[in-house]
Amino acid sequence: ELARRGARVVLACRSRERGEAAAFDLRQESGNNEVIFMALDLANLASVRAFATAFLSSEPRLDILIHNAGISSCGRTREAFNLLLRVNHIGPFLLTHLLLPCLKACAPSRVVVVASAAHCRGRLDFKRLDRPVVGWRQELRAYADTKLANVLFARELANQLEGTGITCYAAHPGPVNSELFLRHVPGWLRPLLRPLAWLVLRAPRGG
């Protein structure tokens with residue numbers, strides 16, 4: 001939608017292959033050639049810093065920062081904090097602060113965090129943030145915790161940036177038929193769940 005409106009769109013994605021393919025498709029569909037891919041792995045804070053440095057050195061403007069990346073399963077990691085928390089909250093948190101000078105220079109500008117109504121089930125226990133997440137029940141809880149962190153972050157950022165021309169939003173897109181959860185479902189179960197997802201979930205464009 002941003003590309004259709006003539007915006008220059010930077011897709012910050014972990015997978016170069018999928019990110020460049022998405023940028024190509026968006027250029028074709030929108031007729032706007034100003035859609036580019038830049039590498040960003042939110043799970044790796046060094047990658048977040050490298051992306052911010054590259055972006056600030058190559059892009060003169062940043063009018064809208066949309067945090068849309070997210071995961072629902074932890075997988076395995078040796079780094080501090082669980083993977084859900086790093087990808088869904090800590091990486092976006094750091095990236096926002098690194099890009100704030102550019103957002104302020106381009107005001108009026110905005111920050112949009114794609115959150116979830118799941119935040120209502122979240123409960124941030126700061127003594128447990130660095131503990132491993134094991135099993136699907138803990139993963140559901142950890143996902144809700146990250147969405148609560150998103151909402152609290154957007155609210156506090158809005159308070160701190162009041163009067164700067166930067167507005168902040170936490171948006172719940174509704175239940176969307178994307179790969180967010182199905183990618184972690186066992187292969188034998190996906191054929192059973194996909195038809196149900198098509199019936200009860202929104203299409204990505206609707207979200």
Side-chain angles (χ1 to χ4, degrees), residues 1-3 5-27 30 32-115 129-130 146-147 149-171 179-180:
E1 187 60 33
L2 293 171
R5 297 186 185 197
R8 177 171 172 81
V9 179
V10 176
L11 299 179
C13 308
R14 179 179 56 85
S15 167
R16 176 172 296 275
E17 180 181 2
R18 297 181 67 186
E20 289 182 341
F24 176 83
D25 289 343
L26 287 173
R27 290 193 296 267
S30 66
N32 179 356
N33 287 326
E34 294 293 303
V35 181
I36 66 169
F37 160 82
M38 290 182 68
L40 169 63
D41 182 356
L42 287 168
N44 184 327
L45 298 187
S47 174
V48 174
R49 294 182 185 279
F51 170 85
T53 298
F55 180 91
L56 293 172
S57 65
S58 63
E59 299 294 325
R61 297 193 61 85
L62 178 58
D63 300 282
I64 307 174
L65 174 62
I66 302 176
H67 291 299
N68 184 54
I71 59 172
S72 61
S73 180
C74 274
R76 295 183 180 181
T77 177
R78 294 182 179 178
E79 296 190 41
F81 300 107
N82 68 69
L83 191 61
L84 271 164
L85 188 66
R86 281 190 285 119
V87 172
N88 292 359
H89 174 63
I90 294 176
F93 177 96
L94 175 61
L95 182 60
T96 301
H97 284 284
L98 293 174
L99 298 180
L100 268 182
C102 192
L103 285 163
K104 289 179 178 178
C106 297
S109 54
R110 68 182 64 179
V111 177
V112 180
V113 182
V114 179
L129 291 181
D130 203 20
T146 66
K147 295 295 103 177
N150 288 163
V151 172
L152 295 174
F153 170 53
R155 180 162 184 156
E156 178 60 21
L157 190 65
N159 290 338
Q160 292 191 14
L161 296 178
E162 188 173 2
T164 65
I166 304 176
T167 49
C168 307
Y169 306 88
E179 295 184 6
L180 184 63

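Please read all numbers here as calculations on a predicted model, not as lab measurements. Here, residue 1 is the first one in the sequence, and each next residue gets the next number.
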If I take atom [atom1] from residue [X] and atom [atom2] from residue [Y], how far apart are they, to the nearest 0.5 angstrom?
X: Ser58; Y: Met38; atom1: OG; atom2: CE; answer: 4.5 Å
X: Ile64; Y: Ile166; atom1: CD1; atom2: CD1; answer: 12.5 Å
X: Thr164; Y: Leu100; atom1: OG1; atom2: CG; answer: 8.0 Å
X: Phe37; Y: Leu26; atom1: CZ; atom2: CG; answer: 13.5 Å
X: Leu62; Y: Leu56; atom1: CG; atom2: CG; answer: 8.5 Å
X: Leu103; Y: Leu98; atom1: CG; atom2: CG; answer: 11.0 Å

Is there a donor-acceptor pair under 3.5 Å between the side chain of Asn32 and the backbone N or O of Ala7?
->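 The answer is yes, because a donor-acceptor pair under 3.5 Å joins these two groups.
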State whether the side chain of Asn150 and the backbone N or O of Asn88 hold a donor-acceptor pair below 3.5 Å, judged by distance alone.
->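 At least one qualifying donor-acceptor pair exists.
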Contact between [X] and [Y] at the side-chain level, heavy atoms closer than 4.5 Å - yes or no?
X: Arg49; Y: Leu94; value: yes
X: Leu161; Y: Val111; value: no
X: Leu42; Y: Pro92; value: yes
X: Leu95; Y: Leu40; value: yes

For [X], give me all partners under side-chain hydrogen bond (donor to acceptor under 3.5 Å, both in side chains), at least two apart in sequence or on another chain.
X: Arg16; result: Glu20
X: Asp63; result: Arg61
X: Thr96; result: His67

Can you list the residues that meet the ring pair (Phe, Tyr, Trp, His ring centres under 6.0 Å) rule with Phe93, with sequence neighbours excluded?
->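 For Phe93 the ring pair (Phe, Tyr, Trp, His ring centres under 6.0 Å) partners, ignoring immediate neighbours, are His89, His97, Phe153.
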Residue Glu1 excluded, over 12 heavy atoms near CD under 6.0 Å =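 Counting other residues, nucleotides and ligands, CD of Glu1 exceeds 12 neighbours.
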Would the number of heavy atoms belonging to other residues, nucleotides or ligands and lying under 6.0 Å from CD of Glu156 be above 12?
->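 Counting other residues, nucleotides and ligands, CD of Glu156 exceeds 12 neighbours.
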All pairs passing side-chain hydrogen bond (donor to acceptor under 3.5 Å, both in side chains) where residues 99-113 contributes a residue, at least two apart =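 Every candidate side-chain hydrogen bond (donor to acceptor under 3.5 Å, both in side chains) pair involving residues 99-113 fails, so no pair, neighbours aside, qualifies.
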Set of salt bridge (charged side-chain N to carboxylate O under 4.0 Å, His left out) partners for Glu34, sequence neighbours left out =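 Per chain and number, Glu34 pairs via salt bridge (charged side-chain N to carboxylate O under 4.0 Å, His left out) with Arg8.
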Kindly give the heavy-atom pair with the smallest separation between Val35 and Ala3, and that separation in Å.
->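 Where Val35 meets Ala3 most closely, the heavy atoms are CG2-CB, 3.9 Å.
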Would Leu99 and Glu59 satisfy side-chain contact (heavy atoms from CB on, under 4.5 Å), going step by step from the backbone distance to the final call?
-> CA-CA 11 Å; Leu99 298 180; Glu59 299 294 325; over 6 Å; no
